[in-house]
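Step one of this worksheet: look at the structure below.
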2 protein chains.
Amino acid sequence: MGTGQQRTGGTKEKILAKSLELFASKGFKETTVRDIASSIGLQQGALYNHFKNKDAILMALIDQLMSSAIVTIFEEKEPSELYKRGKALLANIATTFKLLSFDGKNEALFRLMMQEMYKNSDIRDLYHEYFYQQNIKKLSAVFFMMMQEEMIRSSDPLLLANEFLTPLFFYQTQVVLLKLDGKSTSSAVLLFEKHVDYFWKSIRIADKEENGGASYG
Amino acid sequence: MGTGQQRTGGTKEKILAKSLELFASKGFKETTVRDIASSIGLQQGALYNHFKNKDAILMALIDQLMSSAIVTIFEEKEPSELYKRGKALLANIATTFKLLSFDGKNEALFRLMMQEMYKNSDIRDLYHEYFYQQNIKKLSAVFFMMMQEEMIRSSDPLLLANEFLTPLFFYQTQVVLLKLDGKSTSSAVLLFEKHVDYFWKSIRIADKEENGGASYG
DNA sequence: CACTTAAATGAACGGTTGTTCATTTAAGTG
DNA sequence: CACTTAAATGAACAACCGTTCATTTAAGTG
């Protein structure tokens with residue numbers, strides 16, 4: 001007894017994966033336990049060997065969301081290291097946002113979060129704390145250091161962080177929505193890079209005109 | 001016969017108003033016909049004298065959404081008139097966004113749209129066409145004229161329109177979410193105005209230094 | 001082999017859902 | 001007044017929901 005034998009063929013993981021897909025595309029309430037079970041070739045009752053109830057499946061997915069790539073935009077380094085990379089850091093963040101919209105699992109987690117946020121205060125807190133606040137704070141710390149080093153014009157770091165991340169978040173949403181209808185995402189995708197260029201040009205200290213010249217004249 | 005006598009005490013409107021409230025806070029599927037009926041002191045069956053079924057209520061609300069203030073950010077004037085107002089126009093748009101988050105009905109329509117967008121392609125189309133595309137196009141026309149008149153630096157008008165509207169949309173969402181938890185919206189609200197200042201400063205042609213000086217030195 | 005036990009079955013349960021409908025109520029019309 | 005008709009009632013229905021459970025299956029262990 002108590003040897004904790006593992007006999008599972010990964011059913012629990014299958015349940016989570018299929019539930020995520022279904023919750024993301026139909027919504028939590030609209031997805032029935034029978035939907036989930038039949039999507040992996042089981043009877044409804046079998047699910048209750050792996051989860052206490054339907055809500056427990058959602059909670060397990062929320063846990064996944066918290067440690068997912070969605071909420072960890074930055075690499076593991078500290079702001080005091082990150083700021084040195086300048087525009088390349090911003091470009092990297094933008095690319096991360098862009099790729100997340102095209103990774104199946106992250107996209108589903110994103111859609112789940114967006115839909116249930118308005119009903120579920122746990123998801124709302126998670127969105128606020130991890131998805132928004134944490135990234136905003138870290139990025140404003142980066143901008144603060146860039147200002148001290150006179151890489152960028154000095155202004156409100158928190159505002160700058162919002163100005164930079166906010167459009168990325170919006171474009172990410174746009175891409176996800178466009179994909180739902182099978183529409184082209186190319187023009188939305190272009191905006192990711194255009195935003196980085198535009199943003200960096202508007203904040204950098206234009207001493208050296210590092211690459212492209214001024215766009216007017 | 002056929003005189004079309006109106007005997008109603010506005011029940012149909014009550015149904016729509018209460019349904020909107022309930023759909024926005026609990027979701028469409030989660031709201032029962034009995035919820036709606038009892039919220040206006042009726043029995044469930046009475047609703048079917050006014051709407052064919054539950055879906056018809058949602059569709060009626062979608063029609064309201066289409067003509068609501070949410071999707072008509074601009075005044076009725078043409079871009080060739082609007083552009084002359086310069087920064088004041090942008091400030092006005094930002095204020096409109098801000099106020100919409102505090103108007104009960106518009107806020108509810110917004111929440112309904114955000115929740116059901118991912119499941120309902122009608123709402124998704126409406127969001128894309130009216131809420132996003134229409135405003136983006138009109139604003140880029142305005143920016144284009146501002147460039148021709150050398151009020152602002154010349155660049156991609158479509159990009160500029162996105163750069164301006166996108167943060168406003170995000171802040172609007174933030175305010176709505178914060179209000180759901182009864183949290184303070186003051187710092188989010190501040191960002192509306194900060195954004196206008198920051199944005200205008202970064203695009204205007206800095207010939208005359210119209211008000212605030214450069215922020216570094 | 002016998003024994004244990006995680007996992008799957010499938011019927012069954014109580015509750016809730018959207019919807020229907022015969023009936024009643026009450027307001028407008030001549 | 002009598003007549004018409006929109007609106008409200010409240011019980012009822014069939015379908016569907018999440019969940020339970022006695023039972024079976026099958027894999028690991030000694």
Side-chain angles (χ1 to χ4, degrees), chain A residues 1-63 112 115-116 119-120 122-123, chain B residues 1-63 112 115-116 119-120 122-123:
Chain A
M1 50 151 72
T3 47
Q5 53 184 230
Q6 292 271 48
R7 194 177 314 181
T8 170
T11 308
K12 192 163 189 169
E13 285 69 26
K14 279 185 194 167
I15 294 173
L16 284 175
K18 289 289 185 179
S19 296
L20 174 58
E21 267 183 42
L22 290 166
F23 291 167
S25 50
K26 308 182 19 167
F28 175 72
K29 187 73 187 290
E30 287 84 349
T31 302
T32 69
V33 169
R34 286 163 180 83
D35 283 338
I36 301 170
S38 76
S39 78
I40 54 179
L42 286 180
Q43 294 292 329
Q44 352 73 289
L47 299 188
Y48 293 85
N49 288 320
H50 302 273
F51 293 95
K52 188 194 159 209
N53 53 28
K54 193 186 168 189
D55 284 278
I57 301 179
L58 178 60
M59 290 186 192
L61 287 174
I62 295 179
D63 283 346
L112 175 60
Q115 284 182 74
E116 305 301 327
K119 311 162 195 165
N120 187 319
D122 287 335
I123 298 187
Chain B
M1 51 152 72
T3 48
Q5 51 183 231
Q6 292 272 49
R7 193 177 313 180
T8 169
T11 309
K12 192 163 189 168
E13 285 70 25
K14 278 184 194 168
I15 294 173
L16 284 175
K18 288 290 185 179
S19 296
L20 174 58
E21 266 183 42
L22 290 167
F23 291 168
S25 51
K26 308 183 16 168
F28 175 72
K29 187 72 190 291
E30 287 83 347
T31 302
T32 69
V33 170
R34 287 164 180 82
D35 284 339
I36 302 171
S38 77
S39 78
I40 54 180
L42 286 180
Q43 294 292 330
Q44 347 88 280
L47 299 187
Y48 292 85
N49 289 321
H50 303 274
F51 295 94
K52 188 194 158 208
N53 52 29
K54 192 185 167 189
D55 284 277
I57 301 179
L58 178 60
M59 291 184 191
L61 287 174
I62 295 180
D63 282 347
L112 174 61
Q115 283 182 76
E116 305 301 326
K119 312 163 194 166
N120 187 319
D122 287 334
I123 298 186

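So you know, we letter chains A, B, ... as the sequences are listed, proteins then strands, and number each from 1. What's counted below: heavy atoms across the whole structure, side chains too, no hydrogens, waters or symmetry copies.
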Members of residues 27-34 of chain B that approach DNA chain C, where some heavy atom sits under 4.0 Å away
B/T31, B/T32, B/V33, B/R34
With a 4.5 Å cut-off on side-chain heavy atoms, are B/T11 and B/L42 touching?
yes
Note, A/L16 side chain near A/L20 side chain (heavy atom, < 4.5 Å):
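Side chain of A/L16 against side chain of A/L20, heavy atoms only: no contact under 4.5 Å found.
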Looking only at heavy atoms, what is the nearest atom pair of [X] and [Y], with distance?
X	Y	value
A/L22	A/S39	CD1-OG, 4.1 Å
B/F23	B/L112	CB-CD1, 3.8 Å
B/N53	B/Y48	CA-CE2, 3.8 Å
A/Q115	A/A24	NE2-O, 2.6 Å
A/F28	A/K54	O-NZ, 3.0 Å
B/I123	B/E116	CD1-CB, 3.5 Å

Tell me: [atom1] of [X] to [atom2] of [N], nearest whole Å?
X	N	atom1	atom2	answer
A/I57	D/dT19	CD1	P	9 Å
A/Q43	C/dA7	CD	C1'	13 Å
A/I15	D/dG18	CD1	P	14 Å
B/D55	C/dG18	CG	P	10 Å
A/F51	C/dA6	CZ	P	17 Å
B/L22	C/dT17	CG	P	13 Å
A/D35	D/dG18	CG	C1'	13 Å
A/L42	D/dT25	CG	C1'	14 Å

Give a yes or no on whether a donor-acceptor pair under 3.5 Å exists between the nucleobase atoms of D/dA6, that is its base, and the side chain of B/N49.
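A donor-acceptor contact between them is absent.
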Ignoring backbone atoms, test whether B/H50 places a side-chain nitrogen or oxygen under 4.0 Å from the OP1 or OP2 oxygen of D/dA6.
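The answer is no; no side-chain N or O of B/H50 sits under 4.0 Å from OP1 or OP2.
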Taking 4.0 Å as the cut-off, does a side-chain nitrogen or oxygen of A/T11 come that near to OP1 or OP2 on C/dA8?
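Answer yes for this pair, as a side-chain N or O of A/T11 is under 4.0 Å from OP1 or OP2.
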Which string of ( ) [ ] | and . matches DNA chain C, if you list each base 5' to 3' and count Watson-Crick or G-U pairs only when both distances are under 3.5 Å?
||||||||||||||||||||||||||||||
Only one of B/T31, B/T32, B/D35 forms a side-chain hydrogen bond (donor to acceptor under 3.5 Å, both in side chains) with B/K26, so which one is it?
B/D35
If you check the A/K54 side chain, which of C/dG18, D/dA8, D/dG18 turns out closest?
D/dG18
Reading DNA chain C from 5' onward, which residue's closest nucleotide shows up sooner: A/L47 or A/Q44?
A/L47
